[in-house]
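Shown next, in structure tokens, is the structure this report addresses.
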2 protein chains.
Amino acid sequence: MKDFFEKLDEQKRERILNAAIKEFAYKKYEDASTNNIVSAAQIGKGMLFHYFGNKKNLYLYLYRYVREVMDKEIYSRIDYESGVLPIILKQLAKYNLETFKRHPSITDFIAQCNRETSPEVHDDIQNIRNERGVKIKEDIIYKNLDMKLLKPEFREKQTIKLIHWALDGYISEIKGSYNGENLDQLPVEEIMTDYDSYMDIICKAFYL
Amino acid sequence: MKDFFEKLDEQKRERILNAAIKEFAYKKYEDASTNNIVSAAQIGKGMLFHYFGNKKNLYLYLYRYVREVMDKEIYSRIDYESGVLPIILKQLAKYNLETFKRHPSITDFIAQCNRETSPEVHDDIQNIRNERGVKIKEDIIYKNLDMKLLKPEFREKQTIKLIHWALDGYISEIKGSYNGENLDQLPVEEIMTDYDSYMDIICKAFYL
DNA sequence: AAAACAATCGACCATCTTGGTCTATATTAT
DNA sequence: ATAATATAGACCAAGATGGTCGATTGTTTT
């Protein structure tokens with residue numbers, strides 16, 4: 001059934017994926033409209049149901065898909081060895097932006113899924129979530145940090161949180177400013193250069 | 001017409017306001033449902049239209065209302081004199097939390113209004129917005145800062161942004177964790193004590 | 001070229017939701 | 001008791017919903 005979908009050429013497949021992810025990202029399951037999806041994806045209505053059978057299947061397919069993307073494109077690529085938070089966060093930021101470029105609404109979609117309470121899909125999401133242990137980003141980061149690299153007066157968990165919030169702030173601003181159009185030309189390398197200068201300030205302030 | 005509404009006892013009035021603000025906060029104007037509002041506010045459907053005439057009037061009334069609240073309860077109370085960013089941000093944070101307590105979705109509602117593209121209300125919002133000059137929070141803050149209070153090596157705009165993001169991060173986390181229930185017991189004073197300890201770290205790191 | 005097969009569209013369906021109305025009932029004031 | 005006001009929710013036409021299906025187009029296979 002979904003074989004039909006997976007055999008589509010990449011362009012069309014991603015058009016459908018992104019249209020659907022976007023629709024589900026900003027509405028609860030029940031409010032999301034398959035009509036909006038097909039019209040944004042520029043396909044006939046019949047096709048969506050030919051590929052996925054029904055709304056619920058589509059939704060669960062998307063959830064599995066984005067989880068896999070996040071895992072493969074981001075989390076599994078992080079190198080925690082340095083023990084320096086800004087270095088770890090920079091990797092996260094970079095891979096995150098690259099994924100954002102392909103699937104702009106992916107983060108919001110996942111957040112929406114986690115909030116989802118619709119009885120029709122709630123349990124299924126929980127099940128998929130538990131299939132593989134949920135990688136809780138923050139826990140993994142915190143466990144791999146070397147606090148001795150911080151200046152002595154800053155060796156507290158609160159410092160870690162502040163650094164996290166500060167550097168995430170920059171990425172959020174970038175994402176916010178690219179809401180909409182020219183996304184395929186998002187200059188990741190350039191952004192990472194700016195990221196470095198923020199990182200330098202943080203390191204100068206908190207690290208030895 | 002809306003006199004009827006304003007003469008309601010406070011409890012009911014705020015129930016209606018919050019139900020409506022919440023409904024409009026997370027959906028575009030066209031997707032927001034007056035049915036959801038009346039059922040959340042526990043009033044009959046007729047009443048909503050008795051008070052506001054129609055959906056659009058309700059929406060614009062809300063927008064005027066929240067703008068006034070934000071102005072009166074937050075922006076106009078800030079004292080910029082110290083020129084020290086964390087001190088200014090702390091005031092913002094405190095007043096913000098108090099407002100959040102009364103109207104949990106107010107910030108999201110305003111954000112949604114600013115994004116709003118529905119032709120039926122877009123222009124009206126812009127007009128209300130321009131009635132009084134928009135106070136752009138960040139501009140006012142930046143203009144009143146005394147950079148000489150920072151350690152010399154940190155006297156850059158980037159430092160300011162980092163501090164801003166970092167401290168806003170704490171407030172966002174608090175707001176996120178109180179999503180839903182026990183909001184009337186949100187311990188603002190206690191939170192501000194924690195805020196102080198984050199503030200201290202920032203000051204120790206960046207200020208003389 | 002014909003026939004067989006697959007991919008695609010969008011009109012169509014019953015059902016539900018929408019913003020808004022209006023009548024019938026409570027409640028209050030006189 | 002009467003008049004005036006406040007309230008609820010059944011009801012309406014219009015539109016949107018998830019899902020179906022016959023018709024059409026495009027691509028192979030013969």
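Every chain is numbered from 1, with letters handed out A, B, ... down the list of sequences.
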Rounded to whole Å, how long is the line connecting atom CD1 of Ile37(A) with atom P of dG19(D)? 11 Å
Side-chain donor-acceptor pair present, Glu30(B), Ser118(B), cut-off under 3.5 Å: yes
How would nucleotides 9-25 of chain C be written as a contact map, 5' to 3', with B for base contact, S for sugar-phosphate-only contact and - for no contact, using protein heavy atoms under 4.0 Å? SB-------BBBBB---
Note the angle between the end axes of the helix from dA2(C)-dT29(D) to dT30(C)-dA1(D), five pairs defining each, rounded to 10 degrees. 10°
Closer than 4.0 angstrom, basic N to acidic O: yes or no for Arg64(A) and Glu68(A)? no
If I take atom NZ in residue Lys27(A) and atom C1' in nucleotide dT17(D), what distance separates them, rounded to the nearest angstrom? 12 Å
Atom CG of Leu48(B) and atom C1' of dT7(D) are separated, to the nearest Å, by 13 Å
Please table the atom pairs, donor to acceptor, closer than 3.5 Å between any side-chain atom in residues 49-56 of chain A and protein atoms at least two apart or in another chain.
unit_1	atom_1	unit_2	atom_2	d
Asn54(A)	OD1	Lys56(A)	N	3.2
Asn54(A)	OD1	Asn57(A)	N	2.8
Lys55(A)	NZ	Tyr29(A)	O	2.9
Lys55(A)	NZ	Ala32(A)	O	2.9
Lys56(A)	NZ	Glu120(A)	O	3.3

How about Ser33(B) and Glu23(B): does a side-chain donor come under 3.5 Å of a side-chain acceptor? no
Side-chain donor-acceptor pairs of residues 80-94 of chain B under 3.5 Å, sequence neighbours excluded:
unit_1	atom_1	unit_2	atom_2	d
Ser82(B)	OG	Val84(B)	N	3.1
Lys90(B)	NZ	Asp196(B)	OD1	2.9
Lys90(B)	NZ	Asp196(B)	OD2	3.3
Gln91(B)	OE1	Asp79(B)	N	2.9
Gln91(B)	NE2	Asp79(B)	O	2.9
Gln91(B)	NE2	Ile87(B)	O	3.4

Leu17(A) versus Tyr61(A): any side-chain heavy-atom pair under 4.5 Å? yes
Mark yes when over 12 heavy atoms from residues, nucleotides or ligands other than Gln11(B) sit less than 6.0 Å from its CD; otherwise mark no. no
Listing, residues 164-174 of chain A side-chain donor-acceptor contacts under 3.5 Å, not counting sequence neighbours, or none:
unit_1	atom_1	unit_2	atom_2	d
Tyr170(A)	OH	Asp194(A)	OD2	3.4
Ser172(A)	OG	Asp168(A)	O	3.1
Glu173(A)	OE2	Lys161(B)	NZ	3.0

Phe52(A) near the nucleic acid: base, sugar-phosphate alone, or nothing, with a heavy-atom cut-off under 4.0 Å? nothing
Whole-Å distance, Phe4(A) CZ to dA7(C) C1', equals 9 Å
I'd like to check the side-chain contact (heavy atoms from CB on, under 4.5 Å) partners of Thr107(A); sequence neighbours left out, ordered by chain and number. Asn96(A), Lys175(A)
Distance, rounded to the nearest Å, where Ile16(A) contributes CD1 and dT8(C) contributes P: 8 Å
To the nearest Å, how far apart are Phe5(B) CZ and dA6(D) P? 14 Å
Output yes when at least one side-chain N/O atom of Tyr51(A) is less than 4.0 Å from OP1 or OP2 of dT8(C), else no. yes
Grab the CG-C1' distance between Asn57(A) and dG18(D) for me, whole Å please. 13 Å
